[in-house]
Every structure is written in structure tokens, then in C-alpha cells.
Amino acid sequence: MSVEADAGRLKTEADEPGWEVDPDDEWGVAVVATVGRQLKLRREAVGMRAAEFGRALGYGEDLVYKIEGGKRIPRQDYLDRADEVLDAGGLISAAWEDVKKVRYPKKVRDLAQMEGKAVELQLYDPLNIHGLLQTPEYARGLLLMRRPAYTEDEVERFISARVARKAVFERDPVPELSFVLEEWTLRRPLGGREVLRGQLEHLLEAGRLRNVELQVMPMDREEHAGLAGGIEVLKFEDGSAVGRTQAVANGRPASEPKQLRILELRYGIIRAQALTPRESTAFIEQLLGET
């Protein structure tokens, strides 16, 4: 067992926002509680008090108790350091494989799981740049606009979740991704002009990927098939599909052929009404020059 006193300030909850456990996430609560209980048992087995253990890890005693009590999600570096201090031979570090699955809100995990299996995604958001395309800075600016306001923990958790969802771009084989973006979402400088510039540059980079098509819906269009709300259609390798929109089934995932046909019809019309991918790239470049 190795114990090193931390000469600096010990970390508290304020230093690591976004790692609270969602009490409504039963599976997440169970995983975090189990890991916390194992940490406590191993700590007590080597005769270490919580305060001493915390100092060795660089964390405050209160944070140690919260993690061991299943009230706080441990970070990967916390588990790795605990493994070293408790001489656990990699068993504590291995718990990260389970913990990282519950790091994000349940509804985001469910969505990310579906996105991770899809071979084709058709995505239209009338209110914001789609989450899969958002930079962390833009996502923060957007989340800070929410009223009633999110807590700092919630903001950090949602940002991390959106970043994690971008793994869909790194899959092999990569899925086909189609996005339709509203012009006004590309003009509103949420988070400031520099944040918007970074977001527009990111869109141009994403649009260069061979499996990604970005289209912009101009504000001067006199016809628009997307006024009923956002659309998401995910298609899978076995030929099945799942769709979602507030206008159908109250936003719940729908897989019935009739409902999917409506969503695909609307999405197809929206794409036809929007600028082509080439025109959209030129339009985003023009906006970037003006920003």
C-alpha cells in the first residue's frame, strides 16, 4: 500500500461539477452504490480512515464519503489512484468500465446507444444546431440559456454527454449522417462571437467528412415542411428503423411503418427545400466571414 500526503489543496465537489448521481436512474444508482461500497470495504480492510485515504488521493474527506455512499460518481483518475493506494492490482481501476456507462443521464445514454447502432441518421432540429454537431463551448452557451437554470453540475454533465455522443463519427464502418440546419441557429452568437466562429468552423470540418451531409434551410424560404418540430430517423443494419418528433407519438421513439413513413416524407421534403450540401458549405463560409 502506498500513501502520499497531498501538500496542496484537496479537491471538493466544487472542483468537479457534473458528477452527481441522478436519483431517478435506478441502474446508475445501483452501479455507483456498488462501486462505492467496494471502495469503502477495501479502504477499511487496509485500516485507512476516510480523511487519510482522501489525502492520499488528493480529495477531501467529504467527497470520499459521498463516493463511498453512492452519492457521487467517481472519476476515472479517482479509481486509478485508489487502485494504486489500496494496492488492488487493477480491480478498482477496472470498475471504470461500468461507471463510465452511467456517467451520463439515462435519456442521453439511451439515445447514444441507438445512435451507436444506426447505419444511417437523418436529423433536423428547428431550434438549435444539432447536439452531435455542437462544440463544447457552444453547448455550454446553449445550456446556460435554459430557464429555470440548470445547476453547474447539470451543465457539465450534459456537455460531457454531448461530447461522448460524438463517438458516432469515429465508428468503423461509419454511418451515413444527414443534418438540416436552420439559418437562424447559425447566426445567433450564443456564448459570444468567438464561440460562434468556433462552431461554424467545426460545421465546415464536419461537412468535409465523406459520410456527412450538411444542409442549411434559409430564413427566406416561403415553404417549409419542418414547422411541426424536429425530426430524427435512425436506420439499422437489419432494415429496421426508429423515428422521433414531437408531432408524432408525443416525441416518443416510434417504429411503426405508418409513423416512420410520415417522418421520412417530412424529412425528404425539408431536404428538398433546403440548400444543397455544396450551397450550404458556401453559405456557412460566408457567415463565418461575417462573424
Side-chain angles (χ1 to χ4, degrees), residues 11-22 25 28 72-78 96 99-116 118 121 123-171 174-175 177-209 211-214 216 230 232 280-281 284-285 287-288 291:
K11 291 183 181 179
T12 66
E13 286 186 88
D15 297 310
E16 296 183 349
W19 293 80
E20 296 290 347
V21 179
D22 180 357
D25 181 0
R72 184 88 175 169
I73 303 171
R75 294 170 63 100
Q76 184 175 14
D77 59 351
Y78 183 99
W96 176 247
V99 172
K100 70 180 181 181
K101 296 174 184 176
V102 301
R103 166 72 176 91
Y104 311 113
K106 184 178 184 300
K107 63 180 181 180
V108 177
R109 294 202 310 268
D110 292 343
L111 179 58
Q113 186 177 34
M114 287 194 295
E115 291 171 346
L121 296 89
L123 307 163
Y124 165 67
D125 188 335
L127 300 178
N128 307 296
I129 294 172
H130 194 276
L132 287 176
L133 293 171
Q134 293 174 11
T135 64
E137 295 78 15
Y138 179 90
R140 172 179 288 279
L142 178 61
L143 290 166
L144 290 177
M145 296 301 105
R146 201 255 198 185
R147 296 296 183 271
Y150 286 126
T151 65
E152 187 62 24
D153 277 349
E154 290 172 323
V155 170
E156 292 299 329
R157 207 169 178 210
F158 277 117
I159 291 174
S160 297
R162 292 188 186 188
V163 171
R165 284 174 59 198
K166 293 186 179 184
V168 70
F169 290 98
E170 302 168 359
R171 281 171 42 199
V174 292
L177 294 152
S178 169
F179 298 90
V180 179
L181 308 167
E182 287 289 343
E183 176 187 344
W184 79 270
T185 68
L186 306 180
R187 290 185 177 277
R188 178 155 292 180
L190 295 176
R193 292 286 173 185
E194 286 304 311
V195 170
L196 179 58
R197 283 188 60 83
Q199 179 63 67
L200 294 176
E201 290 170 349
H202 179 69
L203 291 177
L204 291 173
E205 291 176 5
R208 295 188 190 104
L209 299 174
N211 63 310
V212 176
E213 285 196 345
L214 299 184
V216 175
E232 294 183 357
S280 297
T281 295
I284 294 172
E285 288 175 340
L287 288 180
L288 180 59
T291 302

Main-chain N/O of Pro74 paired with Trp96 side-chain donor or acceptor, under 3.5 Å:
no
Main-chain N/O of Leu288 paired with Arg197 side-chain donor or acceptor, under 3.5 Å
yes
Q) Got a donor-acceptor contact below 3.5 angstrom from the Arg147 side chain to the Leu144 backbone? A) yes
Heavy-atom side-chain contact between Val99 and Ile73 under 4.5 Å
yes
So ring-ring contact (aromatic ring centres under 6.0 Å, His included) across residues 126-147, not counting sequence neighbours, yields His130-Phe179
Scanning both residues in full, the closest heavy-atom pair of Pro189 with Leu196 reads CA-CD2, 3.9 Å
Side chain Thr135, main chain Gln199, donor-acceptor under 3.5 Å:
no
Between Phe169 and Leu132 the two heavy atoms that sit nearest each other are CE1-O, 3.2 Å
*Compare all side-chain heavy atoms of Val174 with those of Leu209 and state whether any distance is below 4.5 angstrom.*
no
Which of Arg162, Arg165, Lys166, Arg171 passes salt bridge (Lys or Arg N to Asp or Glu O under 4.0 Å) with Glu115? Answer is Arg165
- Message: Could you check whether any side-chain N or O of Arg146 sits under 3.5 Å from a backbone N or O of Pro148, counting only pairs where one atom can act as donor and the other as acceptor?
- Response: yes
- Query: Do Leu203 and Leu181 have side chains that get closer than 4.5 Å, going by heavy atoms?
  - Reply: yes
Do Leu190 and Val195 have side-chain heavy atoms sitting under 4.5 Å apart? no
Taking only Lys NZ, Arg NE, NH1 and NH2, and the carboxylate oxygens of Asp or Glu, determine whether Glu152 and Arg140 approach each other closer than 4.0 Å.
yes
